[in-house]
Visitor: 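First the structure, which I've put down as structure tokens, then a few questions once you've had a look.
Protein chains get the first letters and strands the later ones, always in sequence-line order, with residue 1 at the start of each.
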2 protein chains.
Amino acid sequence: MTAMAPSRAEPDLSYFLDRTGHVLRTQMTAALAEIGLTARMHCVLVHALEEERTQIQLAELGDMDKTTMVVTVDALEKAGLAERRPSSTDRRARIIAVTEKGREVAHRSQEIVDGVHRAALESLPGDEREVLLRAMRRLVEGHLSTPVEAPQAPRRPRQ
Amino acid sequence: MTAMAPSRAEPDLSYFLDRTGHVLRTQMTAALAEIGLTARMHCVLVHALEEERTQIQLAELGDMDKTTMVVTVDALEKAGLAERRPSSTDRRARIIAVTEKGREVAHRSQEIVDGVHRAALESLPGDEREVLLRAMRRLVEGHLSTPVEAPQAPRRPRQ
DNA sequence: TATTGTTATACTCTATAACTATA
DNA sequence: TATAGTTATAGAGTATAACAATA
């Protein structure tokens with residue numbers, strides 16, 4: 001596990017964000033697991049329901065690599081929640097079509113996700129909750145909008 | 001990368017926490033890298049400076065595994081920032097002693113960490129900042145205090 | 001030439017297992 | 001028997017490389 005938590009002058013925002021994010025994620029993972037979904041499967045399912053989308057489009061929306069998307073769609077197909085269909089306009093692309101069962105599961109998983117979020121937010125006084133959300137939005141759109149690029153080591157070619 | 005970010009009824013707390021936490025971590029990693037430290041090295045250095053501590057004690061404070069601590073202390077020794085010294089009371093244990101250079105680096109790294117946090121917090125209006133911190137503290141001590149245990153697959157014995 | 005989806009796999013990270021030396 | 005530290009490595013997760021089909 002990660003960490004960084006001593007006493008110091010400046011409030012330890014890193015600790016607050018890492019810790020709350022981590023614990024919330026464990027809650028979400030456990031809650032979605034009860035209906036056989038991962039967070040990624042839920043994310044793809046919901047976006048695929050909104051309109052006809054290809055794997056690449058869904059990958060971008062969920063901020064995943066296209067190879068990760070392959071695995072996620074495999075899982076959705078295996079669970080009978082979605083299907084790959086040829087695009088009518090681009091024969092390279094696959095539209096991810098949500099099945100009837102998938103639609104039902106997506107509604108249920110959305111309730112689960114909302115429930116986990118609601119439980120956390122309702123543990124705060126109403127005014128604190130309001131301001132917390134406003135501040136988070138401001139950070140996401142402002143000072144914490146863009147990750148600092150890390151120099152990534154080039155990989156040895158496949159032998 | 002992780003993600004989950006559609007439009008929905010309940011505010012997407014997962015997205016806010018994951019995203020802000022991630023971006024802040026990239027800022028911190030980049031800033032500390034300029035003086036050759038990782039976040040873990042900084043964390044161990046600071047705690048080791050406070051008082052005489054063994055590897056196990058430092059591991060618990062930083063919420064790391066003892067095997068991760070071995071690697072971290074190796075890095076600190078290699079950089080000449082800390083040394084392993086035998087404990088005078090327990091011959092199994094090693095006290096992590098910070099060198100003079102280590103002390104200087106720790107002060108510098110603490111300034112860096114504080115600076116990164118300050119920059120983020122100062123991007124918020126004062127009243128929002130206050131309430132954000134209060135709310136985060138409330139979550140860390142309350143509804144988001146304890147990770148949900150994930151059932152972890154038993155590992156095959158070392159062959 | 002560029003892009004979609006796919007397979008194979010290199011790499012990183014983390015923590016379990018096993019071990020040595022002490023307690 | 002239990003604990004501190006160590007080594008080796010299993011396993012999960014992620015993303016790069018290479019490729020086939022198509023644009």
Visitor: So, does B/Arg40 get its side chain near the phosphate of C/dT14, meaning an N or O under 4.0 Å from OP1 or OP2?
Guide: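 Yes, within the criterion.
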Visitor: Quick one: B/Leu61 CG to D/dA4 P, roughly how many Å, whole number?
Guide: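 From B/Leu61 CG to D/dA4 P: 14 Å.
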Visitor: Nearest to the side chain of A/Pro157 - D/dT9, D/dA18, C/dA8?
Guide: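 So the nucleotide nearest the side chain must be D/dA18.
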Visitor: Let me know the distance between CZ of B/Arg156 and C1' of C/dA18, rounded to the nearest Å.
Guide: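 It is 15 Å, rounded to the nearest whole Å.
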Visitor: What nucleotide among C/dC11, D/dA4, D/dT22 has an atom nearest to a side-chain atom of A/Arg155?
Guide: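 Looking only at heavy atoms from C-beta outward on A/Arg155, the closest nucleotide is C/dC11.
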Visitor: Look at the side chain of A/Arg92 against the base of C/dT3 and say whether a donor-acceptor pair falls under 3.5 Å; ignore hydrogens and angles.
Guide: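 Checked by distance alone, the answer is yes.
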Visitor: Tell me whether the OP1 or OP2 atom of C/dT6 has a side-chain N or O from A/Gln55 closer than 4.0 Å.
Guide: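 Yes.
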Visitor: Taking atom P of D/dT7 as reference, at what distance in whole Å does atom CG of B/Asp65 sit?
Guide: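 So the two atoms are 14 Å apart, to the nearest Å.
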Visitor: Which one, C/dG5, D/dT22, D/dA8, comes nearest to the side chain of A/Asp90?
Guide: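 My answer, after comparing the listed nucleotides, is D/dT22.
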Visitor: Using whole Å, report how far CZ of A/Arg53 lies from P of C/dT4.
Guide: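 Rounding to the nearest Å, CZ of A/Arg53 and P of C/dT4 are 15 Å apart.
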Visitor: Quick one: A/Glu149 CD to D/dA15 P, roughly how many Å, whole number?
Guide: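 So the CD-P distance, A/Glu149 to D/dA15, works out to 12 Å.
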Visitor: Any sub-3.5 Å donor-acceptor pair from B/Thr26's side-chain atoms to A/Pro147's backbone N or O?
Guide: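 Checking the backbone N and O of A/Pro147 against the side chain of B/Thr26, no donor-acceptor pair under 3.5 Å is found.
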Visitor: Checking all strands, does A/Arg158 fall into the base, sugar-phosphate, or nothing category for heavy-atom contacts under 4.0 angstrom?
Guide: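 Here A/Arg158 touches the bases of the nucleic acid.
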Visitor: As a test of reading the structure: which of D/dT16, D/dT6, D/dG5 is closest to the side chain of B/Arg84, going by heavy atoms?
Guide: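 Within the option list, the nearest is D/dT6.
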Visitor: If you assign A/Ala153 and B/Lys66 each to the DNA chain D nucleotide with the nearest heavy atom, which residue ends up on the more 5' nucleotide?
Guide: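 The residue mapped nearer the 5' terminus is B/Lys66.
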Visitor: What integer distance in Å separates B/Asp74:CG from D/dA4:P?
Guide: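 These atoms are roughly 18 Å apart.
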Visitor: Nearest whole Å is fine: how far is D/dT16 P from A/Met69 CE?
Guide: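 In whole Å, D/dT16 P and A/Met69 CE are 16 Å from each other.
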Visitor: Hey, does A/Arg19 have a side-chain heavy atom less than 4.5 Å from the side chain of B/Leu144?
Guide: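 Sidechains of A/Arg19 and B/Leu144: no contact.
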Visitor: If only atom types and distance count, is the side chain of B/Glu104 paired as donor or acceptor with the main-chain N or O of B/Lys101 below 3.5 Å?
Guide: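 No; judged by distance alone, with no hydrogens or angles, the pair does not exist.
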Visitor: In whole angstrom, give the distance that lies between atom CZ of B/Arg25 and atom P of C/dT12.
Guide: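 So the two atoms are 18 Å apart, to the nearest Å.
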Visitor: Test salt bridge (charged side-chain N to carboxylate O under 4.0 Å, His left out) on A/Glu111 and A/Arg108; report intermediate values, then the result.
Guide: CA-CA 5 Å; A/Glu111 286 173 4; A/Arg108 180 82 192 91; 3.4 Å; yes
Visitor: Where the side chain of B/Ile56 is concerned, which of D/dA18, D/dT6, D/dG5 is the nearest nucleotide?
Guide: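 So the nucleotide nearest the side chain must be D/dG5.
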Visitor: Counting neighbours of CZ on A/Arg118 that are heavy atoms of other residues, nucleotides or ligands and sit closer than 6.0 Å, is the number greater than 12?
Guide: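 Counting other residues, nucleotides and ligands, CZ of A/Arg118 exceeds 12 neighbours.
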Visitor: Would you kindly check whether a donor in the side chain of B/Thr54 faces an acceptor in the base of D/dA4, or vice versa, at under 3.5 angstrom?
Guide: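 In this structure, the two groups form no donor-acceptor pair.
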Visitor: If you check the B/Gln152 side chain, which of C/dT16, D/dA23, C/dT9 turns out closest?
Guide: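 So the nucleotide nearest the side chain must be C/dT16.
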